[in-house]
Protein chains: 2
Amino acid sequence: MNVGEVAALAGVTVRTLHHYDRIGLLQPSGRTAAGYRQYAPADLERLHRVLLYRELGFPLEEVATLLSGDADPAEHLRRQHRLLRDRLERTTAMVAAVEKEMEARSMGISLTPEERFEVFGDWLPEEYAAEAEEKWGETEAWAQSQQRTRAMTKDDWLRVKAEGDDVEARFAGALRSGVAADSEQAMDLAEEHRQQISRNFYDCGYEMHAGLGRMYLEDERFTAYYERIAPGLAQFVSAAIQANAARHGA
Amino acid sequence: MNVGEVAALAGVTVRTLHHYDRIGLLQPSGRTAAGYRQYAPADLERLHRVLLYRELGFPLEEVATLLSGDADPAEHLRRQHRLLRDRLERTTAMVAAVEKEMEARSMGISLTPEERFEVFGDWLPEEYAAEAEEKWGETEAWAQSQQRTRAMTKDDWLRVKAEGDDVEARFAGALRSGVAADSEQAMDLAEEHRQQISRNFYDCGYEMHAGLGRMYLEDERFTAYYERIAPGLAQFVSAAIQANAARHGA
DNA sequence: CCTGGGGCCTGACGCAGCGTCGGGGTCAAG
DNA sequence: CTTGACCCCGACGCTGCGTCAGGCCCCAGG
């Protein structure tokens, strides 16, 4: 098949296919003598995946890496299925939010800004969610986390968030008061942190917790998160987690 | 509230707010003496709408016109609700498509490219759908059309599409054979076209049909659609529709 | 009082993902 | 052999921000 046909079939423009060719995302497996692009069935299959991932909001570069992985087709289908269901959920939540506001209006109540932005705020932007999905999607922990948070009501969620804030605040307090990161007090906080995660999200053993702690320093977004609470907090929390893991023999 | 707070609340960056200010999409209702942006509650409300429409895929410029309309808040909520439900449907369809493919795989069957791209192909790009929504969303005809197409199975849809293709092909044939646009034959085709619409989408009277015919010439996308089938077809169909409407006294 | 670090300001440039010409070959039907 | 549809490639344009850079503002702590 040549570009025009493929474009019509897939519902994209010829220019788009040219673009995908140029950036190497989808190169036709052949060319005619005259230089016409020739797309084979396998190319169509790839295009199909590209379009699905694109629709889900992945930047093209990531789509490329997603496809470059040696993953088999079934693997892609499973992933796409997960991502689509996440999106479904998210959209459902937005519908619910709008309905809530409609109801509030009809009853003459008006929501606070916080309530209104709820659905935007406490939601990881789709890209980040996708990245997390990509990184952890296959793990047991992720599945557990998805399942549990799905079941949470808003109140649950607020409670969980409050719990988290509390421990973070106490970590910050410890840091400020000059306690060492490998002190008993700090380690106890780390332990509490670990148990919180286990209770609210997924079974988090010492080793896993230690890995998480490392990530707090390696992923600058986590670092930034803690640094905003108090300077040096990322280091402190991470160190406390390592110490706690060590004392429990991990 | 100042930018940083608003940004944190709404889950966007400060830069985004600057941008919206610059392009006039969302200008803070005040500034401090030092030039700091000050956002009032009403600004937050507007931002909320902006973000929802943006999420739904509208370009910012259209978001601006959507918001510039004197429409009351309830009106926005209804519209957002409709758009979100459309998206929900679309996502559901995609989930179904992926599930279908998973099943096919597990049974060792493989789908044709057409089947695979179905969900992309016969779907008006979200932007266009949104535009149509914008233009016709309040009309009875649109509501009917939405309702009926929603209820259609895939086979229904293919049948409807085949019907349409058939009439179009016969229009093209008539044009090719030199029949006049106001001839009986052409008018009969137009009548068939009208009845098809009435049967499959919405009650389409002569006047409405005439309006539709005019749009075939005014909206270049419709023009392009017919011109692709046969050069001059847009004119021909439009004229035949006018003639048919006239003979029925519209 | 003054000083430092965070937040705010305004340009200005960069980048993804195409849309949209423009100039020029190619292919099949008549 | 022509004509109209289709293909090629290159280049510029546009949206919606991200990301510095240079400089002012604000207030808490010394």
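Chain letters run A, B, ... following the sequence lines, proteins first and then strands; every chain starts at 1.
- Atom CZ of F58(A) and atom P of dG17(C) are 13 Å apart (whole Å).
- Ion pairing between a basic and an acidic side chain is recognised when a charged N comes within 4.0 Å of a carboxylate O; R90(A) and E55(B) show such pairing.
- In this structure, CG on L60(B) lies 9.5 Å from OG1 on T16(B), to the nearest 0.5 angstrom.
- Here the closest non-hydrogen pair linking L26(A) and D43(A) is CD1-O, 3.6 Å.
- Among residues two or more places apart in sequence or in another chain, the side-chain hydrogen bond (donor to acceptor under 3.5 Å, both in side chains) test is passed with T92(B) by none.
- Here E45(A) pairs with R49(A) in a salt bridge; the nearest charged N to carboxylate O distance falls below 4.0 Å.
- Here D21(A) pairs with R31(A) in a salt bridge; the nearest charged N to carboxylate O distance falls below 4.0 Å.
- Counting to the nearest Å, the C1' atom of dG6(C) and the CG atom of N2(B) are 12 Å from each other.
- Within a heavy-atom distance below 4.0 Å of DNA chain C, the residues of residues 27-38 of chain A found are A34(A), Y36(A).
- Remark: P of dG16(D) and OH of Y53(B) are 16 Å apart, rounded to the nearest angstrom.
- Q80(B) and L52(B) make their closest contact through OE1-CD1, 3.3 Å (heavy atoms, listed as atom of the first residue, atom of the second, distance).
- Protein atom CG of L56(B) is 15 Å distant from nucleotide atom P of dG16(D), rounded to whole Å.
- Side chain to side chain, T65(B) and S68(B) fail the donor-acceptor criterion of an N or O pair below 3.5 Å.
- Contact check, T16(B) against dG18(D): a side-chain N or O comes under 4.0 Å of OP1 or OP2.
- The stretch residues 17-24 of chain B comes close to DNA chain C through H18(B), each having a heavy atom under 4.0 Å from the strand.
- For R54(A) and E62(A), the salt-bridge test fails: no basic side-chain N is under 4.0 Å from an acidic carboxylate O.
- Rounded to a whole Å, the CG atom of L60(B) is 9 Å from the C1' atom of dC17(D).
- Rounded to whole Å, atom C1' of dG17(C) lies 15 Å from atom CD of E55(A).
- Distance R15(B) CZ to dG16(D) P: 12 Å, rounded to the nearest Å.
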